[in-house]
Q: 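Pasting a structure below so you can have a look.
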Amino acid sequence: MGKSIDYKKTLNLPRTGFPMRADLARQEPEILKFWDEIDVYKLNCEETKDRPPFVLHDGPPYANGDIHLGHTLNKVLKDIVVKYKSMRGHFSPYVPGWDCHGQPIEHNVEKSLGVHKSEIGQTELRELCRNYALKYVKRQSEQFRRLGVRGDFKRPYLTLDPEYEATNIEIFGKLYERGLIYRGRKPIHWCYRCETALAEAEIEYADETSPSIYVKFPLKSSFAPLREYPQPKYLLIWTTTPWTLPANVAVAVHPEADYVAVEVDGEIYILARVLVEQVFGEAGVANYRTLETFKGGELEKLVCEQPLQDWNSLIVLADFVALDQGAGCVHIAPGHGQEDYMVGLEYDLPTPMPVDDKGFFTKEAGKFGGKHITEANESIIQDLSERNLLLYRTSTVHSYPHCWRCKKPVIFRATEQWFISMDEDTLRRDALKVIGKVSWIPAWSRNRITSMVEERPDWCISRQRAWGVPIPVFYCQVCKRPVVTPDTIKIVCELFKKEGADSWFKKPTGDILPADFTCPDCGGKRFEKEKDILDVWFESGISHFAVLRTRSELTWPADLYVEGSDQHRGWFQSSLLTSVGAEGKAPYKAVLTHGFLVDQEGRKMSKSLGNVVDPLEVMKESGADILRLWVASSDYSVDVAVSPEILKRVSEAYRRIRNTARFLLGNLYDFDPGEHSVAYDDLEEIDKWALLKLHRLLARVTEAYENYRFHLVFHSIHNFCVTDMSAFYLDVLKDRLYTTAPDSKKRRSAQTVLFEVLTNLAKILSPILAFTAEEIWRQIPEGQREKMSVQLCFWPKVVKEYFDEALEKEWDRLHEVRDEVLKAIEFARKEKLVGNSLEAAVTLYASNELYHFLKARKGLLPTIFIVSQVELVEAAPDAAPDDAFRSLELPGLAVLVHRAPGRKCERCWNYSETVGGDREHKTLCARCVKVVRALV
RNA sequence: GGGCCUAUAGCUCAGUAGGUUAGAGCGCACCCCUGAUAAGGGUGAGGUCUCUGGUUCGAAUCCAGAUAGGCCCA
């Protein structure tokens with residue numbers, strides 16, 4: 001003997017290759033490789049192909065730039081849904097898509113060229129745009145995959161695919177045939193130097209000096225409040241763009257504002273009351289007299305003389321009329337301004353457009369025809385002045401839009417555009433009707449889409465651009481009428497399917513239309529092609545047709561759309577309108593909306609605020625699972641906050657979950673469920689309790705997933721790991737796991753439950769912590785896991801039989817007692833009476849029912865308190881010694897803590913008077929002696 | 001300016017149909033352990049629920065207004 005035995009070696013201490021430090025930045029790419037090798041997307045589809053489908057249709061991000069946190073939030077949410085649904089028993093394919101056409105790409109390509117697009121061919125420009133888009137599709141695709149998103153990344157849908165392009169034509173044709181598409185005028189930004197339309201993003205604002213004139217519009221109608229006054233009456237309007245006056249058709253006043261009639265030198269001027277002093281002060285008019293006051297609303301539909309044209313100018317009402325400058329009467333030219341245009345629509349006004357592409361007045365401008373608008377200002381001012389219609393002129397400096405390329409001022413100019421009519425047929429009404437049949441989550445989403453569809457104007461679907469899908473219209477050279485027939489649609493559709501939309505630009509019209517084609521109106525034989533392309537919102541808005549209808553694995557309509565709340569105006573709506581217009585049905589059964597990113601203070605992400613978080617960087621430093629967990633931890637139905645602190649908190653929660661899994665794995669190294677599992681009835685009571693808690697968790701988590709409330713999933717799981725597992729069950733279990741014989745029933749009972757907890761945890765974490773769940777899964781020996789990837793597993797079933805309510809109540813009560821005992825021990829610790837709780841022995845003083853409750857479970861108490869001994873005394877707490885801890889929570893209980901008698905067992909660390917009782921193992925307690933003996 | 005939405009401890013979230021001292025986990029402070037160890041355990045201190053007014057016997061919870069913020073328009 002002599003030499004002491006190393007009893008530590010007789011313990012069953014945890015062993016695992018699952019590292020505590022995650023090192024996700026290195027681990028995750030390994031796991032990605034594994035998923036690639038087994039092709040987990042394909043495997044999943046194959047294994048689930050006979051189950052009821054659940055199709056989440058991806059909204060296509062724009063193929064430009066690296067992904068940002070907004071993409072991350074969106075894609076991770078989708079991925080969680082898809083993975084959950086497929087485990088839950090659905091066939092859930094996910095086809096990611098990209099929006100590849102449009103102005104930003106065209107603009108970026110143009111910028112990189114350094115020349116104007118007119119200097120290179122359209123075909124060449126389109127080729128460059130295509131390469132640009134494809135480059136970013138590839139890049140974003142890698143980034144999404146790196147996030148752990150599972151989908152058909154080998155075969156995504158792209159809006160530049162020939163098939164996809166052709167679908168645009170097909171749908172355009174259907175809408176056209178229904179009479180929903182018409183041609184009309186609409187003002188757009190126009191650069192007359194570059195002779196091109198400009199998008200909002202191509203506008204730069206800069207200060208500009210303009211003339212500022214007050215013009216008198218003679219009032220023609222009689223106006224009741226002024227009937228008594230014989231003097232000539234004028235509305236006083238203010239403008240900084242005199243050249244737009246030839247296109248004037250109306251004067252807008254504010255409906256609620258007070259207006260006055262003021263007499264000046266025998267003339268009456270009508271203007272807003274609050275602006276009287278300002279206007280006359282500026283004009284140097286000293287003696288004026290207010291005659292009458294009335295509301296702007298009273299002037300509605302009176303008629304003025306158009307000072308430069310031989311038509312009338314109608315007085316209309318508009319809320320946007322400013323009352324801080326000018327005269328409160330706003331000159332309206334629907335062809336030259338966005339607001340003017342809207343008012344024009346409301347009052348059904350004409351849209352004269354007397355300015356040509358180069359900025360010259362046309363005949364429509366009357367006597368100013370042929371002049372350039374830049375020179376016309378002076379002539380117009382001169383003309384008004386000569387006719388005594390100019391009150392005053394000065395100049396003003398204001399912010400004015402300029403062309404991004406030539407840096408010169410641009411104008412608003414109405415041009416011919418294509419529209420989808422909301423009301424000509426019943427599109428608006430039909431859309432509103434089907435909105436009612438869709439499930440909108442959260443509920444307010446329905447309200448929002450409804451009011452937007454109710455109020456939206458007709459949809460302008462044409463753009464004067466190169467990078468997109470052409471509008472498939474031909475113009476008869478003879479009668480000039482547009483030609484769209486089922487035949488032309490079919491021809492163009494087939495052409496695009498075969499050769500892509502580029503063919504429209506490459507081929508002369510004669511090569512597109514058959515030789516014998518004639519104009520249905522006049523029989524003409526020569527045609528021109530439309531030059532405009534489709535709005536990209538139209539393109540993405542037909543994705544449900546182009547993707548869900550053409551791919552055999554998908555279904556139409558989609559089960560779910562998941563996008564940010566801005567898409568109520570965007571994709572939710574464009575998809576709805578194309579679908580209702582062409583099929584009369586909604587393209588989705590349900591729509592799930594998420595909020596926007598803000599920082600910890602609730603402010604939006606922006607470079608200038610310096611609060612932007614880059615997901616690529618977070619992935620590199622902390623790992624994609626941290627981002628995924630952050631998404632899951634947030635209530636995305638409102639705005640989602642992110643900051644370094646928030647991500648730090650998420651990482652801490654991650655570590656806790658990871659360590660819980662690690663401890664479970666560490667204690668399962670010698671457990672084979674097939675061989676060692678203990679039947680439920682034979683489990684230790686506390687193990688049954690743990691199983692009960694696990695299944696309560698499963699029930700709660702399943703319901704939360706089902707309702708798309710992922711933050712509840714996260715909180716529940718985290719809470720379970722921290723409270724039920726780490727702080728109680730696992731802590732209590734250590735003694736049993738480490739010290740009893742490896743194959744003892746007691747130990748196997750615990751392991752049976754630990755295995756159950758581990759595998760279920762991996763499964764329910766898998767949609768969220770995709771990488772970590774897989775990493776855990778791969779630690780389970782091959783023969784013991786049901787599938788090679790946790791993603792291929794079925795969702796665990798809640799076993800109702802585990803919900804033993806008597807057991808649950810009993811343990812709730814034991815927990816209450818335990819809490820009080822721990823408080824008492826803490827006092828003892830502060831007084832240096834004990835350190836480790838095993839150094840303590842406690843005496844409980846209880847009476848009546850509580851006493852009997854505890855007495856019946858006396859054997860359990862040392863275990864769950866993790867102390868060496870427990871004495872139970874039947875006594876009222878008053879009868880307990882003075883230095884006992886009297887519970888406030890449980891008034892019937894007093895606890896006295898003292899040092900445990902006996903010596904510390906070298907092996908199990910419990911204090912016992914049996915230590916030293918054995919000759920051979922002098923430092924062990926009786927319990928350990930038995931175990932050690934059996935080992936040898 | 002309009003439509004929709006949000007506002008509970010430092011952070012992330014719960015708060016059932018309005019009813020006793022507003023909950024959880026994290027973080028924090030202090031302590032213990034050193035056989036989950038760049039881990040684990042314990043105890044404790046933090047909110048009067050953005051503000052104001054109203055309804056009610058009683059409101060974080062209902063109503064109105066304000067403030068701050070978000071999305072979409074203008």
Side-chain angles (χ1 to χ4, degrees), chain A residues 7-9 11-16 18-21 318-322 338-339 342 442 444-452 454-457 564-570 573 593-605 629-630 632-635 637-643 645-653 655-656 658-667 709 711-712 714-723 725-728 730-735 737-739 818-819 821-832 834-839 866 907-909:
Chain A
Y7 289 113
K8 189 166 172 178
K9 290 196 171 137
L11 294 168
N12 318 302
L13 294 177
R15 295 177 209 168
T16 175
F18 186 75
M20 179 149 70
R21 299 256 300 151
D319 288 329
F320 63 76
V321 171
Q338 201 61 243
E339 287 175 330
M342 295 306 289
W444 52 257
S445 166
R446 163 181 275 112
N447 189 0
R448 183 159 177 181
I449 189 90
T450 300
S451 63
M452 280 183 167
E454 273 170 352
E455 279 160 36
R456 70 156 298 150
S565 61
D566 57 333
Q567 299 304 331
H568 284 92
R569 170 153 295 272
Q573 207 181 126
T593 307
H594 63 251
F596 270 68
L597 291 169
V598 293
D599 66 17
Q600 207 166 305
E601 272 72 52
R603 283 180 310 226
K604 66 167 131 195
M605 302 262 102
L629 194 59
W630 159 72
S633 73
S634 311
D635 179 357
S637 68
V638 294
D639 289 333
V640 175
V642 69
S643 70
E645 190 197 339
I646 290 169
L647 288 176
K648 194 176 157 204
R649 291 289 104 83
V650 169
S651 301
E652 278 155 2
R655 284 214 307 270
R656 196 48 181 272
R658 185 181 177 90
N659 273 321
T660 304
R662 182 169 183 267
F663 184 83
L664 297 172
L665 281 166
N667 285 290
R709 309 254 290 163
H711 63 287
L712 300 183
F714 162 75
H715 278 283
S716 302
I717 293 177
H718 186 235
N719 221 303
F720 174 79
C721 287
V722 171
T723 310
M725 289 296 114
S726 278
F728 180 64
L730 300 182
D731 206 23
V732 164
L733 228 46
K734 284 174 192 165
D735 182 76
L737 288 167
Y738 299 169
T739 69
R818 178 177 133 104
D819 287 344
V821 171
L822 292 182
K823 277 178 207 162
I825 292 175
E826 188 60 21
F827 275 110
R829 194 142 38 214
K830 288 269 148 115
E831 281 162 29
K832 303 288 176 198
V834 296
N836 186 325
S837 63
L838 282 174
E839 290 164 26
I866 317 185
R907 185 167 175 275
C908 72
W909 293 353

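Here the structure is a predicted model, which is why all the values come from computation and not from measurement. Here is the naming used below: chain letters follow the sequence lines, and residue numbers restart at 1 for every chain.
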Q: Name the nucleic acid region contacted by A:K832, choosing base, sugar-phosphate or nothing; use a 4.0 angstrom heavy-atom cut-off, strictly under.
A: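 Touches sugar-phosphate only.
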
Q: Check every strand shown and say whether A:G666 touches a base, only sugar-phosphate, or nothing at a heavy-atom separation below 4.0 Å.
A: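 Counting heavy atoms under 4.0 Å across all strands, no contact is made by A:G666.
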
Q: Could you please name the partner base of B:rC26, counting Watson-Crick and G-U wobble pairs only when both distances are under 3.5 Å?
A: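 In the structure as shown, B:rC26 has B:rG10 as its Watson-Crick or wobble partner.
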
Q: Would you say A:H568 reaches B:rC73's phosphate, i.e. side-chain N/O to OP1/OP2 under 4.0 Å?
A: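 For A:H568, the contact criterion (side-chain N or O under 4.0 Å from OP1 or OP2 of B:rC73) is not met.
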
Q: For A:T739 and A:W909, run side chain to side chain contact (heavy atoms under 4.5 Å, CB included): C-alpha distance rounded to whole Å, both residues' side-chain angles, the deciding distance at 0.1 Å, then the answer.
A: CA-CA 10 Å; A:T739 69; A:W909 293 353; over 6 Å; no

Q: For A:I825 and A:E645, find the nucleotide of RNA chain B closest to each by heavy atoms; which residue's nucleotide sits nearer the 5' end?
A: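 Whichever sits nearer the 5' end wins; that is A:E645.
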
Q: Please determine, for the side chain of A:S634, which listed nucleotide (B:rC11, B:rA14, B:rU12) has the closest atom?
A: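 The listed nucleotide nearest to A:S634's side chain is B:rU12.
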
Q: Could you identify the nucleotide paired to B:rC4, looking across every strand shown and requiring Watson-Crick or G-U wobble geometry with both distances under 3.5 Å?
A: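 B:rC4 is paired with B:rG70.
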
Q: Under a 3.5 Å cut-off for both contacts, is B:rA64 paired Watson-Crick or G-U wobble with anything, and if yes, with which nucleotide?
A: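 In the structure as shown, B:rA64 has B:rU52 as its Watson-Crick or wobble partner.
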
Q: Apply salt bridge (charged side-chain N to carboxylate O under 4.0 Å, His left out) to the pair A:K734 and A:D731, showing each step before the final yes or no.
A: CA-CA 6 Å; A:K734 284 174 192 165; A:D731 206 23; 3.1 Å; yes

Q: By the 4.0 Å heavy-atom rule, please label A:R662 as base, sugar-phosphate, or nothing.
A: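 Sugar-phosphate contact only.
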
Q: Please give, in whole Å, the distance from B:rU43 P to A:E826 CD?
A: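 The answer, rounded to whole Å, is 7 Å.
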
Q: For B:rA39, does either OP1 or OP2 sit under 4.0 Å from a side-chain N or O belonging to A:R655?
A: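 Yes, such a contact exists.
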
Q: Give one of base, sugar-phosphate or nothing for A:K8, where a contact means two heavy atoms less than 4.0 Å apart.
A: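 Base contact.
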
Q: Taking A:T16 for its side chain and A:R662 for its backbone only, find out whether a donor-acceptor pair lies under 3.5 Å.
A: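 Looks like no, no N/O pair under 3.5 Å.
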
Q: How should the glycosidic conformation of B:rG46 be described, syn or anti, under the criterion that syn lies within 90° of 0?
A: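 Syn, which is what one calls it when the glycosidic angle falls within 90° of 0.
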
Q: In whole angstrom, what separates A:K604's NZ from B:rC72's C1'?
A: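 Interatomic distance, NZ of A:K604 to C1' of B:rC72: 12 Å.
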
Q: Ignoring the backbone of A:M20, work out which of B:rA38, B:rG40, B:rC13 is nearest its side chain.
A: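 The listed nucleotide nearest to A:M20's side chain is B:rA38.
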
Q: Using a cut-off of 4.0 Å on non-hydrogen atoms, how would the nucleic acid contact of A:W909 be classed: base, sugar-phosphate, or nothing?
A: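 Answer is base: heavy atoms of A:W909 come under 4.0 Å of a base.
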
Q: In this structure, how many angstroms lie between the P atom of B:rC4 and the CE atom of A:M452, rounded?
A: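 These atoms are roughly 11 Å apart.
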
Q: For a quick check, tell me whether the side chain of A:S726 and the base of B:rA36 share a donor-acceptor pair closer than 3.5 Å.
A: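 Answer is yes: a donor-acceptor pair is held.
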
Q: Once you round it to whole Å, what is the distance between C1' of B:rC73 and CD of A:Q573?
A: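 Roughly 12 Å, once rounded to whole Å.
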
Q: Is there a side-chain polar atom (N or O) of A:Y738 under 4.0 Å from OP1 or OP2 of B:rA36?
A: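 Checking A:Y738 against B:rA36: at least one side-chain N or O falls below 4.0 Å of OP1 or OP2.
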
Q: Report which part of the nucleic acid A:R907 touches: base, sugar-phosphate, or nothing (heavy-atom distance under 4.0 Å, all strands).
A: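 The residue A:R907 makes base contact.
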
Q: Check every strand shown and say whether A:N659 touches a base, only sugar-phosphate, or nothing at a heavy-atom separation below 4.0 Å.
A: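 Since a base atom lies under 4.0 Å of A:N659, the category is base.
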
Q: Evaluate the criterion side chain to side chain contact (heavy atoms under 4.5 Å, CB included) for residue pair A:S633 and A:R649; output intermediate values, then yes/no.
A: CA-CA 10 Å; A:S633 73; A:R649 291 289 104 83; over 6 Å; no

Q: Separation of A:K734 atom NZ from B:rG40 atom C1', in whole Å?
A: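 Checked: the NZ to C1' distance equals 5 Å.
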
Q: Kindly determine whether A:N667 and A:N12 satisfy side chain to side chain contact (heavy atoms under 4.5 Å, CB included), including the steps that lead there.
A: CA-CA 8 Å; A:N667 285 290; A:N12 318 302; over 6 Å; no

Q: What's A:E601 touching, base or sugar-phosphate or nothing? Going by heavy atoms closer than 4.0 Å.
A: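 Counting heavy atoms under 4.0 Å across all strands, no contact is made by A:E601.
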
Q: Within this structure, what is the CG-to-P distance between A:D819 and B:rA24, rounded to whole angstrom?
A: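 Going from A:D819 (CG) to B:rA24 (P), I get 11 Å.
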
Q: For the backbone of A:G835 and the side chain of A:R829, can you confirm whether one donor and one acceptor N or O come within less than 3.5 Å of each other?
A: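 Indeed, once roles are kept as given, a pair shorter than 3.5 Å links the two residues.
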
Q: Given that both distances must come in under 3.5 Å, which nucleotide forms a Watson-Crick or G-U wobble pair with B:rA17?
A: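 By the stated definition (distances under 3.5 Å), nothing pairs with B:rA17.
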
Q: Under 4.0 Å, heavy atoms only, any strand: does A:A727 hit a base, just the sugar-phosphate, or nothing?
A: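 Result for A:A727 = sugar-phosphate.
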
Q: For a quick check of understanding: with a heavy-atom distance under 4.0 Å over all strands, which category does A:K648 fall into, base, sugar-phosphate or nothing?
A: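 Contact class for A:K648: none.
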
Q: Does the Lys NZ or Arg CZ of A:R658 fall within the cation-pi geometry relative to A:F18 - under 6.0 Å from the ring centre and within 45° of the axis?
A: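 Judged by the rule (NZ or CZ under 6.0 Å from the ring centre, within 45° of its axis), A:R658 counts as positioned above A:F18.
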
Q: Tell me the partner of B:rG40, counting only Watson-Crick (N1-N3 plus N6-O4 or O6-N4) or G-U wobble (N1-O2 and O6-N3) with both under 3.5 Å; none if nothing fits.
A: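 In the structure as shown, B:rG40 has B:rC32 as its Watson-Crick or wobble partner.
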
Q: Which distance, rounded to the nearest 0.5 Å, do you find between the OG of A:S451 and the CZ of A:R446?
A: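 Spacing of OG (A:S451) from CZ (A:R446) equals 13.0 Å.
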
Q: When you compare B:rA14 with B:rG25, how far apart are their C1' atoms, in angstrom units rounded to a whole number?
A: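 About 11 Å, rounded to a whole number of Å.
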
Q: Both A:P14 and A:N719 contact RNA chain B. Which one's nearest nucleotide lies toward the 5' end?
A: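 Comparing both residues, the 5'-ward one is A:N719.
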
Q: For A:R569, which contact category applies under a 4.0 Å heavy-atom criterion: base, sugar-phosphate, or nothing?
A: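 Here A:R569 touches the backbone only, sparing every base.
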
Q: Checking all strands, does A:S637 fall into the base, sugar-phosphate, or nothing category for heavy-atom contacts under 4.0 angstrom?
A: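 Contact class for A:S637: none.
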
Q: With heavy atoms under 4.0 Å as the rule, sort A:I646 into base, sugar-phosphate or nothing.
A: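 Answer is sugar-phosphate: A:I646 comes under 4.0 Å of backbone atoms only.
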
Q: Just the rounded figure in Å: distance from P of B:rC13 to CG of A:L629.
A: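 Computing the A:L629:CG to B:rC13:P distance gives 12 Å.
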
Q: When all nucleic acid strands are considered with a 4.0 Å heavy-atom cut-off, which category describes A:Q600: base, sugar-phosphate, or nothing?
A: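 If one applies the 4.0 Å heavy-atom cut-off, A:Q600 turns out to touch the sugar-phosphate alone, with no base involved.
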
Q: Taking OP1 and OP2 of B:rG41, is either one under 4.0 Å from a side-chain nitrogen or oxygen of A:R656?
A: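 Yes, A:R656 has a side-chain N/O under 4.0 Å of OP1/OP2 on B:rG41.
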
